[in-house]
Amino acid sequence: MAAVRLCRCRCRALLSRPAGALRARRGLAAGPEMHFGFQTVTEEERREKIYQVFENVAKKYDVMNDSMTLGIHRVWKDILVHKMNPCPGTLLLDVAGGTGDIAFRFINYVRSVRQRQLQRKLKHHQNLSWQEIFESYQKDEFNSLGNSQVVVCDINREMLEVGKQKAQHLGYSEGLSWVLGNAEELPFDDDKFDVYTIAFGIRNVTRIDLALQEAYRVLKPGGRFLCLEFSHVSNPLLSRLYDLYSFQVIPVLGEVIAGDWRSYQYLVESIRQFPPQEELKAMIEDAGFFKVDYENLNFGIVAIHSGFKL
Amino acid sequence: RETVMEPVRDPARGSHRPRIPRPRKGERPRCALTEGVVGWHPLYPGHIPTSPLQKALLAAGSAVMALYDPYRHDMVAVLGETTGCLALPNLRDKMRNHPEGYRILRERPRIRLSTLDMARLQGLPDGSLGREYVRFLEDNKVSPDTRMPPKFVDDEELAYVIQRYREVHDLMHTLLGMPTNMLGEVVVKWFEAIQTGLPMCVLGAAFGPVRLSTRKLQVLATELVPWAIRSGLNASCVLNVYYEQRWEQPVESLREELGIFPPPAVRV
């Protein structure tokens with residue numbers, strides 16, 4: 001009889017048999033053991049399972065985000081982009097960017113900054129003739145994005161598809177590129193990007209250390225690393241309420257809205273398995289980033305970690 | 001024998017141990033409302049253990065979703081499972097106390113395309129249960145394999161009972177002579193509500209008609225529902241019939257044996 005795992009009273013395992021332990025018992029090569037929520041699986045299994053989770057939830061991803069967080073995730077993402085404070089001409093790499101939330105916010109932000117820039121520029125050019133103003137348009141100095149670009153990179157084809165359709169639907173055309181890629185092994189050259197963001201994605205990466213190393217590699221010197229992720233709540237009362245909501249309500253929402261209990265069970269379990277703020281900060285420093293800091297949002301339900309490549 | 005999950009030291013993901021406290025011996029759960037009714041271990045393949053609070057939320061959520069989007073058949077199924085805690089044991093007892101029903105509970109037959117010999121059933125004479133059942137499946141383009149397996153029933157035998165109920169649903173259509181349009185489904189739901197007492201059937205019977213036109217509602221109220229109620233009350237339990245051993249039996253004869261009155265002559 002395989003060992004039955006007991007977890008904390010309010011939480012539970014998805015299945016009673018840890019696949020890794022079973023394999024070890026049979027004497028087969030198990031590979032390094034990892035977490036998938038509260039289960040123990042091999043690295044390869046974990047990657048496959050996570051791929052399947054996001055394949056299943058892709059179409060309802062945005063609806064579920066809104067219902068689970070009561071729309072607050074939009075505020076978190078806004079805060080991330082405000083913290084980034086990009087200026088026109090920035091090249092952003094948004095990893096695990098799937099449905100494009102950060103990318104669209106980046107474009108909106110840069111567009112409005114650019115608007116203000118152009119307005120100021122026009123004020124100074126009020127003494128030019130109509131002809132000269134028209135000619136300056138031809139020179140494309142008035143590009144609405146100021147040559148900013150965002151590359152959305154995701155490992156999951158379905159999520160990228162949803163993102164592309166959303167972009168079309170919302171009318172985002174320029175400045176966006178969609179690339180299929182793995183955060184642990186990015187298909188980009190060294191020293192390319194000004195900013196690297198990963199919003200609610202690093203939790204699903206199998207080897208966080210590799211992802212952080214890749215982030216360091218593709219950033220230009222002076223580039224910034226920003227990570228938005230669920231983290232740990234230290235306040236005990238809030239932590240209990242949060243646990244109650246996470247484990248009792250979220251899988252039910254997953255079943256009712258998306259018809260998929262297990263993916264959302266995985267979601268809440270994976271949040272509990274993720275390293276807390278200080279530990280993630282240490283890992284980011286290990287990858288070579290300087291001036292690493294974090295900011296808790298909503299008492300630690302979410303945290304933004306930031307670091308610089310110098 | 002229970003073991004606590006071993007902390008995995010994994011530098012790739014940080015040396016963070018999952019902070020799951022060891023349960024002390026004899027520690028009682030914090031709140032009965034949020035604890036698993038039968039513990040947290042699955043009792044059958046596909047089982048998802050849920051706490052009473054989760055069941056309540058699921059029942060409410062699935063009811064709303066099923067009304068909002070009638071094509072979410074999975075929501076109807078979930079509603080049936082989460083509200084059937086009183087009706088399912090009754091059904092199971094009815095089956096246990098009947099010789100044929102008892103055999104079904106022991107042998108656990110399943111109605112699916114892999115277990116049915118479709119060629120043989122099609123070769124049966126017209127009017128026999130097997131032939132009419134296959135005709136029903138073809139005419140309405142349905143398959144017995146689309147029934148959802150139970151997930152939230154916290155008893156392995158009751159899970160089978162509800163599975164059997166779902167698989168026998170198409171046979172109900174055949175016995176009652178009702179197609180799978182909205183009107184036909186509502187009539188079958190009335191019949192099943194009387195027969196099984198499942199709250200999901202009662203809700204389906206009560207709320208299903210809201211999406212029907214006035215003309216259909218009239219037919220429903222004057223002819224079909226009274227007939228369905230009379231048949232439901234008069235008939236013996238439909239889950240106590242080993243349908244797989246009665247494919248050759250004529251439908252008329254089975255109706256008489258069960259006590260289902262002949263369907264009214266209206267176009268459904």
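Since the model is a prediction, treat every value here as computed from it, not as a measurement. Below, each value reflects all heavy atoms present in this structure, side chains not excepted, and no hydrogens, waters or symmetry copies. Every chain is numbered from 1, with letters handed out A, B, ... down the list of sequences.
Listed options A:Val249, A:Ile257, A:Leu253 were ranked by heavy-atom pairs under 4.5 angstrom with chain B; first place goes to A:Ile257.
Residue A:Phe299 places its CZ atom among 12 or fewer non-hydrogen atoms of other residues, nucleotides or ligands, all under 6.0 Å distant. Within 6.0 Å of atom CG in B:Leu86, 12 or fewer heavy atoms from other residues, nucleotides or ligands are found, so the atom counts as exposed in its surroundings. Atom CD of A:Glu185 is surrounded by 12 or fewer heavy atoms from other residues, nucleotides or ligands within 6.0 Å. Within 6.0 Å of CZ on B:Phe207 lie no more than 12 heavy atoms contributed by other residues, nucleotides or ligands.
Scanning all heavy atoms of the two residues, the minimum distance from B:Ile48 to A:Arg262 falls at CG1-NH2, 3.7 Å. The minimum heavy-atom distance linking B:Arg72 with A:Ala258 is given by the pair NH2-C, 4.5 Å.
Of the candidates B:Leu57, B:Val64, B:Leu58, B:Asp74, A:Val256 forms a side-chain contact (heavy atoms from CB on, under 4.5 Å) with just one, namely B:Leu58.
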**Message:** A:Phe247 vs B:Leu53, test: side-chain contact (heavy atoms from CB on, under 4.5 Å). Steps then yes/no.
**Reply:** CA-CA 11 Å; A:Phe247 284 93; B:Leu53 178 61; over 6 Å; no

**Check against side-chain contact (heavy atoms from CB on, under 4.5 Å), A:Glu255 and B:Phe152** = CA-CA 11 Å; A:Glu255 178 70 25; B:Phe152 303 112; 3.9 Å; yes

